[in-house]
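Counting starts at 1 for both ligands and their atoms, in listed order.
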Amino acid sequence: MNDWTTSHDRVPAQRNAESWMFLIEAARDLRTTGAVAPSGKALARVLTDPVRVQAPRPLAVLEAGAGTGSVTRTLIPELPRGSRLDIVEANPRFAMRLRRLVTAHPHLAATSAQVNVHQTYVEDLDTDQRYDVIVSGLPLTNFTPVQVERIMARYMELLHPGGTLTYFAYLGTRRARALTASRAEARRHAAVDEIMATYQRTYATGRWTVWVNLPPAYVWHLQRPLVSADQVEPRSYGASR
Ligand SMILES: C[S@@+](CC[C@H](N)C(=O)[O-])C[C@H]1O[C@@H](n2cnc3c(N)ncnc32)[C@H](O)[C@@H]1O
């Protein structure tokens, strides 16, 4: 049984094995795993839209937090010829599964795309590479504000000017936490939301709601500007003499 088949043609046994693996990892460490089930096909498609938009030129793509590869399986067939894909996953068991998935993928041989799986935290990824698209599956709302600042700053640094970052957040998590968690935990979540809101106000090009996912999720697309703020000439408005 191959791992590279799409979620359409994977047999139920494969889907069950993937779901079980995800659930076991969530039980081991829910904060880092960030979900109890892999993302669905609809969510994966919206997350990978910027790859389709920028094709057919060869692209440098980074997928961070790939888990069992549910988004990776949608991403790989969309890669234009001569592209590069770096997959970063912190969990060693998920990383091993991802290596198996990419090793046997028929699309990669056909398109001469270069794919590497890095088992590390994305904020520690040591590279000079810059990317056209970054697809993030990280559960940012589970992290501390300091971690989120660090990860978002690193994402922006890793993007080419004009490049796109896509990521998702489940609907209603802040309200659920406010009702069920400690005050400190609710404050942490609110602080993370505030950081993300600042990035969204500055860089967002779109937000979509994917209802057909369990749980439903927002997908955000953020774009690194073509010129940085300090390169923009200051404009004078209605200067009077
Ligand atoms: C919510 S799951 C998403 C998995 C997959 N992308 C999906 O949508 O089904 C989050 C994944 O991010 C990984 N992860 C968490 N923090 C990470 C980090 N700092 N760097 C890289 N991967 C991380 C977890 O191990 C987990 O596989």
[X] and [Y] ion-paired at < 4.0 Å:
{"X": "Asp132", "Y": "Arg57", "value": "yes"}
{"X": "Arg31", "Y": "Glu185", "value": "yes"}
{"X": "Arg187", "Y": "Glu194", "value": "no"}
{"X": "Glu78", "Y": "Arg52", "value": "yes"}

Near [X], which atoms of ligand 1 are under 4.0 Å from a heavy atom of that residue?
{"X": "Phe94", "answer": "27 (O)"}
{"X": "Phe143", "answer": "16 (N)"}
{"X": "Gly67", "answer": "4 (C), 27 (O)"}
{"X": "Thr120", "answer": "20 (N), 21 (C)"}
{"X": "Val71", "answer": "8 (O)"}
{"X": "Pro38", "answer": "9 (O)"}
{"X": "Asn91", "answer": "25 (O)"}
{"X": "Pro139", "answer": "10 (C), 15 (C)"}

Starting from [atom], find the nearest protein heavy-atom neighbour and note its residue, name and distance.
{"atom": "atom 2 (S) of ligand 1", "result": "Thr33 O, 3.0 Å"}
{"atom": "atom 5 (C) of ligand 1", "result": "Ala66 O, 3.5 Å"}
{"atom": "atom 18 (C) of ligand 1", "result": "Tyr121 CD2, 3.7 Å"}
{"atom": "atom 15 (C) of ligand 1", "result": "Thr32 O, 3.2 Å"}

Sub-3.5 Å N/O-N/O distance, [X] and ligand 1:
{"X": "Ser70", "answer": "yes"}
{"X": "Ala90", "answer": "yes"}
{"X": "Val122", "answer": "yes"}
{"X": "Gly65", "answer": "yes"}

Query raised in the report: Among Ser39, Ser136, Gly137, Ala95, whose heavy atom sits nearest atom 7 (C) of ligand 1?
Result: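 Ranked by closest heavy atom to atom 7 (C) of ligand 1, first place is Ser39.
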Report task. Going by heavy-atom distance to atom 27 (O) of ligand 1, choose the closest among Arg150, Glu89, Glu123. Result ->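 Selected option, by shortest heavy-atom distance: Glu89.
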Please check if any side-chain donor atom of [X] sits under 3.5 Å from a side-chain acceptor atom of [Y], or the reverse.
{"X": "Asp86", "Y": "Tyr131", "result": "yes"}
{"X": "Asn16", "Y": "Ser19", "result": "no"}
{"X": "Thr68", "Y": "Glu18", "result": "yes"}

Report task. Working to the nearest 0.5 Å, report the span between CG of Asn116 and CG of Leu98. Result ->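 Nearest 0.5 Å value for the CG-CG distance: 12.5 Å.
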Query raised in the report: Which is it for Thr72 and Glu63 under the side-chain hydrogen bond (donor to acceptor under 3.5 Å, both in side chains) test, yes or no, and what are the steps along the way?
Result: CA-CA 8 Å; Thr72 322; Glu63 186 189 358; 2.7 Å; yes
Report task. Might you point out which heavy atoms bring Ile76 and Leu108 nearest each other, and give the distance in Å? Result ->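 Heavy atoms of Ile76 and Leu108 come nearest at CG2-CD2, 3.6 Å.
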Requested in this report: Please test Tyr167 against Leu222 for side chain to side chain contact (heavy atoms under 4.5 Å, CB included), starting from the C-alpha separation and ending with a verdict.
Outcome: CA-CA 9 Å; Tyr167 67 91; Leu222 270 51; 3.9 Å; yes
